[in-house]
Amino acid sequence: MNSIQVSYPVLDSLKKEQTLCFTGHRPDKLPEGKLLAALLQTLYYYIDSALNRGYLYFLDGMADGIDYFAAEYLCRKREAYPNIKIIGIQPCRNYEAFFKERRYSIQHLKFMQEQLDAVICLEGEYFRQNGRKNDMLFISRNHFLVDHASAVIAVCSLERSGSKQTVSYAKQKKLAVCRIEANPQLFYLPKPEQWPVEKIDF
């Protein structure tokens, strides 16, 4: 697989109308157990829908949680869809420091860095100052995803989060949107096609 890049020539060959990006909650904001399993089946259902609609290029923000699950699933789909390209957008050079600080899975990060078709590393260094992290790294990453895609699959609730902000930005940019509700108050586990979903031109 390709090593991390600091320039973006890999994007020149992508057709924006066939490019989709992902955004979604990290592990601490996702449900657990059977509800998480059902949520992931819904995510996979809509990834399959995107593949069947002709999307070939997938931009992944490389966060733990939904980004990882989407990337891992797409890697498994390569045999059936050999023309797809999965490109990671890493928000900073020292991204591993962020994963370690938040106790996210370094194994998941390494998988994405090593198994995706290419990784674009955006400029900047992660740090904390006066107890606060430099959130602009992640906002810039999210805007980069949207600016280079024509559709987004999001797994998030309507509570304040980076993913919700990314969905709002995608709507401003007139992308097709598929927002899968991350924390529905369900008394049963519906089939993926019956899960609470907000769709715009998707």
Side-chain angles (χ1 to χ4, degrees), residues 1-26 40 43-44 46-78 81-93 95 98-99 108-124 136-156 161-180 199-202:
M1 295 296 171
N2 294 348
S3 59
I4 293 175
Q5 304 172 43
V6 295
S7 59
Y8 320 134
V10 67
L11 295 179
D12 295 340
S13 62
L14 307 190
K15 295 181 179 179
K16 192 171 182 179
E17 64 271 18
Q18 293 179 299
T19 303
L20 179 146
C21 66
F22 295 99
T23 188
H25 289 327
R26 297 180 181 131
L40 293 181
L43 170 64
Y44 302 156
Y46 284 103
I47 291 176
D48 287 345
S49 177
L51 289 166
N52 292 332
R53 288 164 63 101
Y55 288 97
L56 293 176
Y57 313 115
F58 298 89
L59 305 183
D60 190 286
M62 298 181 65
D64 203 1
I66 291 303
D67 285 354
Y68 166 73
F69 291 126
E72 191 274 337
Y73 182 70
L74 279 167
C75 286
R76 289 190 273 128
K77 300 295 286 188
R78 281 179 170 139
Y81 296 89
N83 292 328
I84 64 173
K85 298 295 181 186
I86 315 158
I87 299 169
I89 311 300
Q90 183 169 306
C92 56
R93 292 183 292 269
Y95 197 31
F98 173 74
F99 264 66
H108 288 176
L109 177 60
K110 293 299 184 184
F111 174 90
M112 291 183 282
Q113 289 175 332
E114 295 170 3
Q115 297 301 317
L116 303 190
D117 294 290
V119 173
I120 292 173
C121 185
L122 303 182
E123 292 299 305
M136 279 307 302
L137 289 174
F138 303 99
I139 294 172
S140 296
R141 185 268 315 277
N142 295 342
H143 284 192
F144 188 99
L145 291 165
V146 170
D147 289 341
H148 291 87
S150 63
V152 58
I153 292 178
V155 181
C156 63
S161 69
S163 293
K164 181 189 173 185
Q165 292 171 356
T166 304
V167 171
S168 296
Y169 183 65
K171 290 177 179 178
Q172 292 175 23
K173 294 292 184 175
K174 307 299 183 184
L175 270 65
V177 173
C178 175
R179 186 188 67 81
I180 303 165
K199 291 194 287 186
I200 301 174
D201 299 327
F202 190 92

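Along the sequence shown, the residues carry numbers beginning at 1.
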Can a donor-acceptor pair be found, under 3.5 Å and without considering hydrogens, that links the side chain of [X] to the backbone of [Y]?
X	Y	result
Arg179	Cys156	yes
Arg141	Gly61	yes
Lys77	Leu51	no
Ser163	Gly24	yes

Taking the side chain as everything from C-beta on, heavy atoms only, tell me whether [X] gets closer than 4.5 Å to [Y].
X	Y	answer
Leu14	Leu56	no
His25	Ser161	yes
Asp48	Tyr73	yes
Leu59	Leu20	no
Leu122	Gln90	no
Val155	Phe22	no
Met62	Tyr68	no
Met112	Val119	no

Kindly compute the distance separating [atom1] ([X]) from [atom2] ([Y]), expressed to the nearest 0.5 Å.
X	Y	atom1	atom2	value
Leu11	Ile87	CG	CD1	5.5 Å
Glu72	Leu40	CD	CG	9.5 Å
Cys75	Ile84	SG	CD1	7.5 Å
Ile66	Ile180	CD1	CD1	7.5 Å
Ile86	Leu74	CD1	CG	5.0 Å
Ser150	Lys174	OG	NZ	15.0 Å

Do you know which two heavy atoms are closest between [X] and [Y], and how far apart they sit?
X	Y	result
Ala170	Val152	CB-CG1, 3.8 Å
Lys171	Ile200	CE-CD1, 3.7 Å
Leu137	Gly124	CD2-CA, 3.9 Å

Checklist entry - Please, which pairs that meet side chain to side chain donor-acceptor pair (under 3.5 Å) have at least one residue in residues 52-67, sequence neighbours excluded? => result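 Sorted pair list: Asn52-Tyr81, Asp64-His108.
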Next on the checklist: Tell me if the aromatic rings of Phe98 and Phe138 count as close, with their centers under 6.0 Å from one another.
Outcome noted: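 They qualify: ring centres under 6.0 Å apart.
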Checklist entry - Sequence neighbours excluded, which residues qualify as side-chain contact (heavy atoms from CB on, under 4.5 Å) partners of Thr166? => result Thr23, Asn142, Val146
Item to check | Set of residues satisfying ring pair (Phe, Tyr, Trp, His ring centres under 6.0 Å) with respect to Phe99, sequence neighbours excluded | outcome: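 For Phe99 the ring pair (Phe, Tyr, Trp, His ring centres under 6.0 Å) partners, ignoring immediate neighbours, are Tyr95, Tyr104.
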Next on the checklist: Both conditions, 6.0 Å and 45 degrees, for the charged tip of Arg76 above the ring of Tyr44: are they met here?
Outcome noted: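 Arg76 over Tyr44 ring: yes.
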Item to check | Verdict with supporting geometry, Cys21 and His148, side chain to side chain contact (heavy atoms under 4.5 Å, CB included) | outcome: CA-CA 8 Å; Cys21 66; His148 291 87; over 6 Å; no
